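The next block holds one structure in the form of structure tokens; read it before the comments.
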Amino acid sequence: MTDEAMSPLRRRMIEDMTIRKLAPKTQHDYVQRVKDFAAFLNRSPATASKEDVRRYQLHLASSGAHTPKINGTVSALRFFFDVTLDRADLAKQAAFVHEPRKLPVVLSPEEVARLLEAAPSIKYKAALSVAYGAGLRVSEVVALKVSDVDSKRMMLRVEQGKGRKDRHAMLSPQLLELLRDWYRVARPQGWLFPGRDRVNPMTPRQLRRGCEAAAQAAKINKRVTPHTLRHSFATHLLEQNIDIRVIQVLLGHAKLDTTALYTRVATNTLRQVMSPLDRITPLLAKGTEPRHAPPA
């Protein structure tokens, strides 16, 4: 939309988001959510009342909107009301929805090996290997540049990951060799995994499709995405008895609670724990000797 066609209210909201350095995708999503709210009201969202906000949330819930969409709308409306309109009373009216936390899907090491071998091409095999071998998010994998591969320090530089934070991820010798094979084949310049036009990087959607194709070819019946490989990376490290705080740093988690979720799916670790019942079993065996002869 051109500046001439943009409403002063929308322009002000975009300026407010720019001042606070919100990511371009976040800005786009926030504008779209406020547009949807305005379409529901059939008038300017600046005229909204507390009852309007309540009615809209009821509309989203009753129409079957999923929790991420509802919470994304709440974030957008809270920003719009609190910052752009300076109406904190309306911002409080928009309430987040709590979503029960589900266990992530995790592949076994054998399933990961089959998936990577079934990748549609060496580019997808290398990209999916980065997701598993370094535990990167799909957005972080596709944003890698050739210069981010530091073979001297055996690190991958992740620029502006989730939360707009830079960090380093691990680079294993096997992953480095795979990336070198990919480089010798394609000679990428700039982006490590270029898209079809080579000027832009591979899109997250392209990588997801490549992952789905690999899972299908490998006959893996689980619902597999590139993020499944990140889940598997964390779980397999935990099963190797790597300290959970080290895994937290490798994943780029701000809170340890987020990383602790993997303790619920690390089956090898759970199997190695001795039940307190097993510890007292010898004592029980000794205590079961009859003190008196059993009745005839």
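Note that this is a predicted model, so its numbers are computed, not measured. Computed from heavy atoms alone, side chains included, the values below leave out hydrogens, waters and symmetry copies.
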Check: R157 and D166 side chains under 4.5 Å, non-hydrogen atoms: yes
Any side-chain heavy-atom pair of L192 and V149 under 4.5 Å: yes
Aromatic plane relationship, F37 with F40 - under 30° parallel, 30 to 60° tilted, over 60° perpendicular: parallel
Side-chain donor or acceptor of E111 paired with backbone N/O of S108 under 3.5 Å: yes
No-hydrogen, no-angle side-chain donor-acceptor test under 3.5 Å, Q93 and D89: no
Pairwise distance CZ(F79) to OH(Y30) - rounded to 0.5 angstrom: 7.5 Å
Side-chain touch Q27/I14, heavy atoms, less than 4.5 angstrom: yes
Test item: D16 and V83 side chains (from C-beta on) under 4.5 Å apart, heavy atoms: yes
Exam field: side chain T73 to backbone R33, donor-acceptor pair closer than 3.5 Å: no
Under 3.5 Å: donor-acceptor pair, side chain of T47, backbone of R43: no
Pair D52-S49, side-chain donor/acceptor within less than 3.5 Å: yes
Side chain to side chain, M170 and M154, heavy atoms closer than 4.5 Å: no
D82 side-chain N/O to A91 backbone N/O, donor-acceptor pair under 3.5 Å: no
F193 side chain reached by P201 side chain, heavy atoms, under 4.5 Å: no
Contact check, side chains of V138 and R208, non-hydrogen atoms, under 4.5 Å: yes
Heavy-atom check, side chain of V112 versus side chain of L115, under 4.5 Å: no
Over 12 non-hydrogen atoms of neighbours within 6.0 angstrom of CD in Q174: no
Whether T26 side chain and L22 backbone form a donor-acceptor pair below 3.5 Å: no
